[in-house]
Q: 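One structure coming up, written as C-alpha cells, with questions to follow.
The figures here come from the full heavy-atom set of this structure, side chains too, leaving out hydrogens, waters and symmetry mates. Residue numbering restarts at 1 for every chain, and letters A, B, ... go by the order of the sequence lines.
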Protein chains: 2
Amino acid sequence: MVAKDAGEARDLSWGLSNRLFFKLYQCANMLHKTGTRALEDYSITTQQWAVLGALTRPAFEKGVAVNDLAAFLLVTRQNLAGVLQRLETMNYVERTVDSNDNRSRLIRLTIKGRSLWDANMRPVIADYYREALSGFSTEDKIHLVHYLDKMLRNFNNLDSEAHGEGGA
Amino acid sequence: MVAKDAGEARDLSWGLSNRLFFKLYQCANMLHKTGTRALEDYSITTQQWAVLGALTRPAFEKGVAVNDLAAFLLVTRQNLAGVLQRLETMNYVERTVDSNDNRSRLIRLTIKGRSLWDANMRPVIADYYREALSGFSTEDKIHLVHYLDKMLRNFNNLDSEAHGEGGA
DNA sequence: TATTGTTATACTCTATAACTATA
DNA sequence: TATAGTTATAGAGTATAACAATA
C-alpha cells in the first residue's frame, strides 16, 4: 500500500505541475500574440518591446554593452544582434563605441526611439497592462511577481547546469 | 495635489505591472530554452511537447480534430499544421478521416508516439517539473495556477477584441 | 455559402558555429 | 589567449492569405 500511495502522490504532483506548465505555455503564447498585436501600428514585436523597455531604464539610458543587455534580457548576444539590427534599421536604437574599451559597443535609444516609447508605446502598453491584469489587486500582482521570480531562479539554475557549470 | 497623487499612483501601478510582465517575458523565454534543451535527445520542442501532451489526454486519446486541438492549445490551425507535419514526419502522430465528417481529420498519437511519451518524455518532464518548481509547495502551485488562469482569461478577451468580436 | 483542413509566403526568433578586432 | 561583438546558417514558429474538399 505504501508503494501505491506514493505512486498516487506522484500522480497528483504531476497533474498539478503539468497544469501549471501548460498554463504558463499558453500565457507565453498569448503574451506574444496579444503583445505584438497591441504594438502592430509600430511594427514592434514583444522581443523588440523588451529591448526598448530595457533601454529606458535609468541605468541603461547612457548606453549599455551588448553583453550586459543580453544578460539582462536572458537571450544570447548572437540573437540579440538580430533584434538590435532590426531596431537600428528602424532608427530606434544606435551604437556608439565605448571609449574605455574599443571592442565594446554601447547601445542606446535614439531621439526617435525615445519619442516612440514615451509618446506611443508607453500609453499603449499601460492600457495593455490594465486589460491583461484586470481583476488583479496590487497584492495579487506582488504575489505573482514573487512566484515568477522564484521560478525564474529555478530556470536559471537549470540553464547553468545544462551548460556544464554545475556538472554532477 | 490630487492630480500629482493620481500621477504617482499611476506610476506605481506601471512599475509593478511592468516588472510583472518582464518576469513573465523572461519566464516564457526560459521555458522554451530549458524545455527544448531538456528534450533535445528526442528533438522535441516545447510546442511539439504541448501537442504530444495534449494528445495523451483521455478526451483526445481516440483522436481530436485539428480545429479542436488548435483551440485547446491557443494556436491557429495554420500554425498547428506545421507542427503536426513535423511530428508526423517523425512518426509520432497520425491523421485519420472522421467517419462523421469527411472534411475533418482526427489527430492521434501513434504507437511510437505513445511509447516516446510514456517511456522517455514523461520521466524527463517529471524531473524538469521537479527542478523548475523546486521550493514551491502544493499551495504555491495552486495559487500560481490560479493567477496564470486569471491572466489567460484576460489575454483571451484581449484577443477576441482584436478580432473585432467585441468591438467597442 | 460556410467550414475543415491544407498550402504558400514572408518574416521573426532561436541555436550554433565561425569570424574580426581588440584586449 | 580571452573577450566583445558580428556574421552566417539552418531550423522552427508565427501571421496572413488563398486554396481544395466537403457540408
Q: Could you state the CG-P distance from Leu39(A) to dA15(D), rounded to the nearest angstrom?
A: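 Rounding to the nearest Å, CG of Leu39(A) and P of dA15(D) are 14 Å apart.
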Q: Would you tabulate the pairs of protein nitrogen or oxygen atoms and nucleotide nitrogen or oxygen atoms of nucleotides 20-23 of chain D closer than 3.5 angstrom?
A:
residue: dA23(D); atom: OP1; partner: Asn102(B); partner atom: N; Å: 3.0

Q: Set out, in order, the CA-CA distance, both residues' side-chain angles and the distance that settles side-chain contact (heavy atoms from CB on, under 4.5 Å) for Ile125(A) and Trp14(B), then state yes or no.
A: CA-CA 9 Å; Ile125(A) 293 170; Trp14(B) 162 271; 3.7 Å; yes
Q: Whether Glu61(A) and Arg108(A) form a salt bridge (side-chain N of Lys/Arg under 4.0 Å from carboxylate O of Asp/Glu) is what I want to check.
A: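 Not counted as a salt bridge, because no side-chain N and carboxylate O are separated by less than 4.0 Å.
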Q: Grab the two heavy atoms, one from Trp49(A) and one from Ile44(A), that are nearest each other, plus how far apart they are.
A: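 So the two residues come closest at N-CG2, 3.7 Å.
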Q: Given atom CD1 of Ile44(B) and atom C1' of dG11(D), what is their separation to the nearest angstrom?
A: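 These atoms are roughly 14 Å apart.
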Q: Specify the residue among Leu84(B) and Arg105(A) whose closest nucleotide of DNA chain C lies further upstream toward the 5′ end.
A: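 Of the two residues, Leu84(B) wins.
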Q: In the structure I gave you, are the side-chain heavy atoms of Asp140(A) and Leu133(A) within less than 4.5 Å of one another anywhere?
A: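 Side chain of Asp140(A) against side chain of Leu133(A), heavy atoms only: no contact under 4.5 Å found.
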Q: Do Gln26(B) side-chain atoms and Phe72(A) backbone N/O form a donor-acceptor pair below 3.5 Å?
A: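 Here the side-chain-to-backbone pair exists.
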Q: Using whole Å, what does the distance between atom C1' of nucleotide dT14(D) and atom CD of Gln85(B) come to?
A: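 From Gln85(B) CD to dT14(D) C1': 15 Å.
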Q: Report yes or no: is the cationic atom of Lys33(B) (NZ for Lys, CZ for Arg) under 6.0 Å from the centre of the six-membered ring of Phe155(A), at an angle within 45° of the ring normal?
A: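 No - Lys33(B) does not lie over the ring of Phe155(A) by the 6.0 Å and 45° rule.
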Q: In whole Å, what is the span from the CG atom of Leu31(B) to the P atom of dG13(D)?
A: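 From Leu31(B) CG to dG13(D) P: 13 Å.
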Q: I want to check something: taking the side chain as every heavy atom from C-beta on, are Asn79(B) and Gln47(B) in contact at a cut-off of under 4.5 Å?
A: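 In short, these two side chains do not touch, never coming nearer than 4.5 Å.
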Q: Could you tell me how far apart Asp98(A) (CG) and dA4(D) (P) are, to the nearest whole angstrom?
A: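 So the two atoms are 11 Å apart, to the nearest Å.
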Q: Starting at CE of Met30(A) and ending at P of dT14(D), how long is that distance when rounded to a whole Å?
A: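 So the CE-P distance, Met30(A) to dT14(D), works out to 12 Å.
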Q: Indicate the atoms forming the closest heavy-atom contact of Leu20(B) with Leu148(A), along with that distance.
A: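 Residues Leu20(B) and Leu148(A), closest heavy atoms: O-CD1, 3.9 Å.
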Q: Can you name the closest pair of heavy atoms from Asn29(A) and Leu74(B) and give their distance?
A: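 Heavy-atom minimum between the residues: ND2-O, 4.4 Å.
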Q: Taking CG from Asn67(A) and P from dA2(D), how many angstroms apart are they, rounded to a whole number?
A: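 To the nearest whole Å, that distance equals 16 Å.
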Q: Could you state the CD-P distance from Gln26(A) to dT14(D), rounded to the nearest angstrom?
A: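 Value for this atom pair: 13 Å.
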Q: How does protein reach along nucleotides 12-17 of chain C, written 5' to 3' as B (base within reach of a heavy atom under 4.0 Å), S (only sugar-phosphate), or - (no contact)?
A: SSBBBB
